[in-house]
Amino acid sequence: MVKDIVGEIVFNKKVGNNIYILSLEAEDVGEIYPGQFAMLRIENGYDPFLRRPMSLFKKIGNKYYFLYQVVGRGTEILSRKREGEEISILLPLGNSFPKLKERENVLIVGGGVGIAPLNFLVNFYKDQVNFYTFIGFSSFVLEEVYVDFKNYSREFVISSEDSSLGYKGKILDFIPENLDNFEKIISCGPSKMLEILMKKVKDKEKVYLSLEERMGCGFGICLSCAVRGKNRLLHVCKDGPVFCGTEVVFNE
């Protein structure tokens with residue numbers, strides 16, 4: 001059941017180049033599943049008018065964590081928010097990643113702040129699933145951004161395009177060559193990264209993608225988050241944000 005709750009900022013910390021972790025304390029709405037997202041109202045007035053969609057990075061009790069990047073006016077205003085200020089949170093929205101089996105071998109591929117729902121997924125299952133995690137950033141981020149991946153993955157690889165963190169290059173340069181060894185491949189990040197990843201995978205049915213698109217409403221009313229599907233247009237907020245690899249078509 002979707003609820004509109006008010007969260008009080010515990011911290012709003014810069015952890016990389018224009019990347020922040022926001023922690024909000026609010027009413028515990030119960031179970032939220034990895035892949036689901038929230039819509040945050042940055043201000044009480046009408047500037048900015050629309051809420052901002054954000055995947056949950058982590059949830060511990062009645063504390064909700066979001067990883068975001070400053071990319072426009074709304075997130076720039078959000079980055080200036082301080083401890084004690086309040087933010088309206090509409091959640092949980094969207095669908096979730098598929099249920100994982102115990103000791104299943106799962107490849108995680110993430111890029112930039114797209115790692116947020118993947119971090120929630122790894123936290124959710126912790127030591128129950130065999131995660132093999134490969135994540136990349138454009139530049140340096142603090143360890144608290146990726147520490148859960150390190151703690152709960154059988155293999156962990158990190159890269160940065162400017163060589164400030166881990167291997168130098170794009171993360172797809174370092175993923176395993178034989179992708180048939182994994183029961184599932186789960187990914188979130190820039191559209192181009194997902195497109196290239198899909199070309200590397202033969203069995204599209206075992207791939208699950210969390211798509212990042214601009215949203216206006218979060219309920220499929222405004223239709224602003226449409227993406228191309230196999231047989232129809234898909235709306236990320238209503239039909240997703242998680243899609244099986246067989247559902248999505250990328251621009252050639």
Side-chain angles (χ1 to χ4, degrees), residues 1-4 31-41 48-57 66-69 71-72 74-75 89-100 106-122 124 135-136 171-172 175 179 182-252:
M1 180 179 177
V2 178
K3 290 187 177 181
D4 191 352
E31 196 74 88
I32 300 176
Y33 295 100
Q36 291 186 295
F37 68 97
M39 297 289 285
L40 276 61
R41 184 178 295 283
F49 179 71
L50 298 175
R51 291 177 182 257
R52 293 302 186 271
M54 290 190 189
S55 295
L56 279 146
F57 178 69
F66 300 92
L67 181 73
Y68 69 96
Q69 186 170 17
V71 293
T75 47
I89 320 165
L90 192 66
L91 83 169
L93 296 165
N95 64 359
S96 59
F97 293 115
K99 186 176 181 180
L100 303 182
V106 178
L107 176 66
I108 298 289
V109 183
V113 293
I115 69 161
L118 307 177
N119 186 77
F120 192 0
L121 179 71
V122 168
F124 192 84
I135 57 174
I171 195 58
L172 290 183
I175 64 173
L179 300 180
F182 301 97
E183 280 82 27
K184 288 186 178 70
I185 298 172
I186 299 178
S187 183
C188 183
S191 179
K192 191 63 179 179
M193 184 196 82
L194 300 181
E195 180 182 354
I196 296 172
L197 174 64
M198 287 298 294
K199 291 179 180 179
K200 294 177 178 286
V201 182
K202 295 178 181 178
D203 184 2
K204 314 297 186 189
E205 289 188 356
K206 68 179 181 181
V207 182
Y208 294 88
L209 308 174
S210 179
L211 302 187
E212 300 176 316
E213 291 291 328
R214 290 185 177 274
M215 297 181 190
C217 66
F219 291 99
I221 297 173
C222 71
L223 308 181
S224 65
C225 59
V227 296
R228 185 182 170 197
K230 289 286 186 181
N231 303 308
R232 63 186 178 92
L233 284 179
L234 302 171
H235 296 97
V236 174
C237 68
K238 183 180 179 181
D239 301 315
V242 178
F243 297 92
C244 179
T246 58
E247 296 180 88
V248 182
V249 175
F250 291 97
N251 295 325
E252 297 296 333

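Just so it is clear, the structure is predicted and the values come from calculations on it, not from any experiment. Values below: every heavy atom of this structure, side chains too, minus hydrogens, waters and symmetry copies.
Residue Phe250 holds its CZ atom at 10.5 Å from CD1 of Ile196, rounded to the nearest 0.5 Å. With values rounded to the nearest 0.5 angstrom, Phe124 atom CZ is found 4.5 Å from Glu31 atom CD. Summarising the geometry, atom CG belonging to Leu107 is positioned 6.5 Å from atom CG belonging to Leu179; distances are rounded to the nearest 0.5 Å. Atom CG of Leu121 is separated from atom OG of Ser210 by 10.5 Å, given to the nearest 0.5 angstrom. Taking CD1 of Ile108 as the reference point, atom CD1 of Ile175 lies at 12.5 Å (rounded to 0.5 Å). Interatomic distance, CD1 of Ile135 versus CD1 of Ile115, reported as 4.5 Å (0.5 Å rounding).
A heavy-atom distance below 4.5 Å is not found between the side chains of Ile185 and Asp203. When side chains are defined from C-beta on, Phe66 counts as touching Leu56, because their heavy atoms get closer than 4.5 Å. Looking at heavy atoms from C-beta onward, Leu100 lies in side-chain contact with Ile186 at the 4.5 angstrom threshold. Proximity of Ser187 to Met193: side-chain heavy atoms (C-beta onward) are separated by under 4.5 Å at one or more points.
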Notebook entry, point to check: So Met198 and Val248, side-chain contact (heavy atoms from CB on, under 4.5 Å) or not? Walk me through it.
Noted result: CA-CA 10 Å; Met198 287 298 294; Val248 182; over 6 Å; no
Check: Under the side-chain contact (heavy atoms from CB on, under 4.5 Å) criterion, do Ile32 and Phe120 qualify, and how do the steps go?
Finding: CA-CA 10 Å; Ile32 300 176; Phe120 192 0; 4.0 Å; yes
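In terms of heavy atoms, Ile89 sits closest to Ala38 at CG2-CB, 3.8 Å. Here the closest heavy-atom approach between residue Val113 and residue Glu212 is recorded as C-OE2, 4.1 Å. Residues Leu233 and Asp239 share a closest heavy-atom pair of O-OD2, 4.4 Å. Nearest heavy atoms, Leu93 versus Met39: CD1-CG, 3.3 Å. Of all heavy-atom pairs between Cys244 and Glu205, the closest is SG-O, 3.6 Å. Between Pro117 and Gly114, the shortest heavy-atom distance links the atoms CD-O, 3.3 Å.
In this view, Asp4 and Arg51 satisfy the salt bridge (Lys or Arg N to Asp or Glu O under 4.0 Å) rule, not counting sequence neighbours. Partners of Asn95 by side-chain contact (heavy atoms from CB on, under 4.5 Å), not counting sequence neighbours, listed by chain and number: Pro241, Val242.
A side-chain donor-acceptor contact under 3.5 Å links Lys206 to the backbone of Phe182. Ser96 places no side-chain N or O within donor-acceptor distance of the main-chain N or O of Gln36, the cut-off being under 3.5 Å. With Arg232 contributing its side chain and Lys230 its backbone, the two residues share no donor-acceptor pair below 3.5 Å.
Enclosure of atom NZ in Lys204 by more than 12 non-hydrogen atoms of other residues, nucleotides or ligands within 6.0 angstrom is indicated.
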